[in-house]
Amino acid sequence: MSDRITGSKALMRALQAEGVKTIFGYPGGSIMPTYDALFDYTRGEKKCFDHILVRHEQGAIHAAEGYARVSGDVGVALVTSGPGATNTLTGVADAMLDSTPIVVIAGQVAISALGTDAFQEVDLVGVAQPISKWSYQIRHAEDIAWAVSRAFYIARTGRPGPVVLDFPRNAQIEEIEWEPKNVDFVRSYVPYPKLDNEAVRQAAELINNAKKPLALVGQGVELGNAQEELKAFLEKADIPAGRTMLGLSALPSDHPLNVGMLGMHGNYAVNLKEQECDVLIAIGMRFSDRVTGNLKTYAKQAKIIHLDIDRSEIDKNVKTHVAVVADCKESLPALTALLNKNDHREWRESFKELDERERVKVIEPAIHPIDGPLKMGEVVNVIAERAPRGSVLVTDVGQNQLFATRYFKYPVKRSICTSGGLGTMGYGMPAAIGATFATDRTVCCFMGDGGFQMCIEELGTIMEQQAPVKMILLNNHYLGNVRQWQDMFWMRRKSFTKMMNPNYELIAQGYGIPYQAVTDRKDLGAAVEKMLATDGPFILECAILEEDNVLPMTPPGMNVNDMMLEI
């Protein structure tokens, strides 16, 4: 018996075959046939998807990112053509820079109308190509099964990333004989390079002879699910490890070999020690400018070992002595097997004096202030101490992100979701929504007043879904990070960074979301307990010291060891 179905229904079957459970989307004219097919797959006996109606397409893409980052699965966004598709592009670029596996499926005008400037027509494939792993137009229904399988294969394998599928209306309504496809090979695409055993041997020799080894751990460890392999590697050779912002939960916060966060606003000791170590082992990280500072002076005394799955990252920013190009799930055990059991206690102990200097000058004043207005660091610290173990941190971008990542706790893997490479304001709230559909863990989303308002419409999604996002609004009435830079580098000329804000209590009331404001630190603990005890969403607004500054800080373009503990 013939099994003829429309292209829209073929898409449903193809997504089902990829194990998709949750779709974040917003309907429109060019994707309407697909939404009609989706109707039957979200209810009744046929139900296999949850569709989350967002309030803006940028919300859909960031929610898909949050879902992917916390679950480890591919996030899916479904939108219409034209502005619906272009509204996702910020998220596509964000996912590309942060190696987040997502698939965007966007409606398009029928191929007979392409090139005529038809209503809501845009060359999505052309626009998306430079900022995605793959972009493709499904011109006929017979190509759907192949294109979807290939899209998910590319998105999730190797170094993960975003894939964009342009889905013209004619392909959605054409009828075809359904035939499933399984793509597990793409010519010229090698997602998992073959491990070079000689490179592993050379790396092991350098590490075995090192007196002051230092590991830099990136998100690649999380993406490769190599958290246990990382611990075995570090523990055998007794190597202290710093983590990038995106790699913070790759190694538990309380692990004895964890020496803090790398980067411009990271921890003092680990940043300075990059300029002292004799062997530096970079694992699944890309030597971002926010980590290295001035490349001309960065770690010139050290032998550099770089473990990464993406060959294009090797020697891109920092010249390596040994490159091990492979999945760290494979390369780390191979390297560990060749390591000598070692003891670098004296080297590790040398971090403590610098740690203590940071604790006295920066950390204690930030998290335990004696008087004055609330500070961001103390709010984050109180929540980190009281939130359930394994809670997920989601942040927006700015000072809220920097304070939150510094002072939150990461005892378990996949516990951080933030926009690293692109630094996308407005990311936090929708990403947190996506995270709640990926896990039962408590999701704490820290936002500044600027980022909160960039995607404030997604409160409607939270209201409808009762997504249990604990929203912490750190309100200082400024675009705080820009204001800090203006104060430090632009002669305190605060050009358009002061914010006039709405009454957030009335906004919360309009969306039916529980809300509490804190202006005095004596009320902070009780308010946090109330937020964490509340089922469903909650907005906690904290009135923050207007000119609170994030420290330590390596000024842009300066050397890593020029890091400032005070302004």
Side-chain angles (χ1 to χ4, degrees), residues 242-245 248 253-254 258-272 290 351-387 391 393-410 415-416 418 428 444-451 472-488 518-525 527-528 540-555 562-567:
R243 300 107 77 230
T244 67
M245 181 181 286
L248 281 171
S253 302
D254 57 359
N258 165 35
V259 289
M261 184 170 80
L262 301 162
M264 178 180 281
H265 292 286
N267 292 108
Y268 190 58
V270 66
N271 278 279
L272 268 62
R290 287 297 175 99
F351 284 69
K352 291 186 177 178
E353 188 273 331
L354 296 173
D355 285 335
E356 179 63 12
R357 200 181 305 176
E358 180 185 359
R359 188 189 70 79
V360 172
K361 282 187 170 290
V362 175
I363 296 175
E364 282 302 313
I367 67 175
H368 296 132
I370 298 170
D371 52 22
L374 283 168
K375 290 189 172 184
M376 291 193 189
E378 70 175 308
V379 174
V380 176
N381 184 61
V382 168
I383 293 169
E385 288 182 340
R386 302 184 186 216
S391 293
L393 170 70
V394 183
T395 82
D396 208 83
V397 167
Q399 287 185 319
N400 66 90
Q401 175 187 41
L402 302 170
F403 276 110
T405 52
R406 276 182 58 83
Y407 296 119
F408 207 73
K409 307 290 192 298
Y410 312 96
S415 294
I416 181 168
T418 191
C444 297
C445 180
F446 290 84
M447 295 171 279
D449 39 319
I472 302 95
L473 172 57
L474 301 172
N475 188 356
N476 59 6
H477 298 278
Y478 270 107
L479 298 175
N481 213 39
V482 183
R483 189 275 310 153
Q484 179 172 336
W485 283 45
Q486 287 172 338
D487 281 353
M488 294 177 69
V518 178
T519 58
D520 193 311
R521 64 176 44 89
K522 67 179 173 56
D523 302 320
L524 179 59
V528 169
L540 177 64
E541 181 184 358
C542 299
I544 299 298
L545 173 67
E546 287 196 348
E547 297 192 353
D548 199 2
N549 291 318
V550 188
L551 290 167
M553 181 178 185
T554 303
D562 291 329
M563 187 170 233
M564 303 161 57
L565 289 175
E566 54 192 353
I567 296 175

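All residue numbers in this chain count up from 1 along the given sequence. Since this is a predicted model, take the numbers as computed values, not measurements.
Atom CG of Leu262 sits about 6.0 Å away from atom CG of Asn271, to the nearest 0.5 Å. We find the CD-CD distance between Gln399 and Gln484 to be 5.0 Å, quoted to the nearest 0.5 Å. Rounding to the nearest 0.5 angstrom, the gap separating the OH atom in Tyr407 from the CD1 atom in Ile383 is 14.5 Å. Atom CD of Glu541 sits about 10.0 Å away from atom CG of Leu474, to the nearest 0.5 Å. Of the inter-residue distances, the one linking Lys375 atom NZ with Phe403 atom CZ reads 8.0 Å to the nearest 0.5 angstrom. Once rounded to the nearest 0.5 Å, the distance linking CE of Met563 with CE of Met553 reads 9.5 Å.
A 4.5 Å side-chain heavy-atom check between Lys409 and Val380 finds every atom pair outside the cut-off. Residues Met245 and His265 fail the side-chain proximity criterion, which asks for heavy atoms closer than 4.5 Å. Side-chain atoms of Ser415 and Phe408, non-hydrogen and from C-beta on, never get closer than 4.5 Å to each other. Asn475 is listed as a side-chain neighbour of His477, based on a closest heavy-atom distance under 4.5 Å. When side chains are defined from C-beta on, Leu545 does not count as touching Asn476, because their heavy atoms never get closer than 4.5 Å. Contact annotation: the side chain of Ile363 approaches that of Arg406 to within less than 4.5 Å [non-hydrogen atoms, C-beta and beyond]. Residues Arg243 and Ser253 are in side-chain contact: their nearest non-hydrogen atoms beyond the backbone lie under 4.5 Å apart. Within the 4.5 Å cutoff, no side-chain heavy atoms of Thr418 are placed close to those of Leu393.
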Q | Test log, rule side chain to side chain donor-acceptor pair (under 3.5 Å), inputs Arg483 and Asn549 | A | CA-CA 9 Å; Arg483 189 275 310 153; Asn549 291 318; 2.9 Å; yes

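Residues Pro552 and Leu565 come closest through the heavy atom pair CG-CD2, 3.8 Å. In this structure, Val382 and Gly525 approach most closely via the heavy-atom pair CG1-CA, 4.4 Å. Here the closest non-hydrogen pair linking Val379 and Cys542 is CG1-SG, 3.9 Å. For Thr395 against Ala404, the heavy-atom pair with the smallest separation is CG2-CB, 3.9 Å.
Each of Val528, Ile472, Leu524 was scored for a side chain to side chain contact (heavy atoms under 4.5 Å, CB included) with Val518, with one residue passing: Leu524.
Between the side chain of Arg357 and the backbone N or O of Ala269 there is no donor-acceptor pair closer than 3.5 Å. A side-chain donor-acceptor contact under 3.5 Å links Asn267 to the backbone of Met261. Within the 3.5 Å criterion, the main-chain N or O of Asp254 finds no donor-acceptor partner in the side chain of Asn258. When atom types are taken as modelled, the side chain of Asn481 and the backbone of Gly398 share no donor-acceptor pair closer than 3.5 angstrom.
The side-chain hydrogen bond (donor to acceptor under 3.5 Å, both in side chains) analysis of residues 359-371, with sequence neighbours excluded, yields the pairs Glu356-Arg359, Glu364-His368.
Few gaps surround CD1 on Ile567; more than 12 heavy atoms of other groups in view lie less than 6.0 Å from it.
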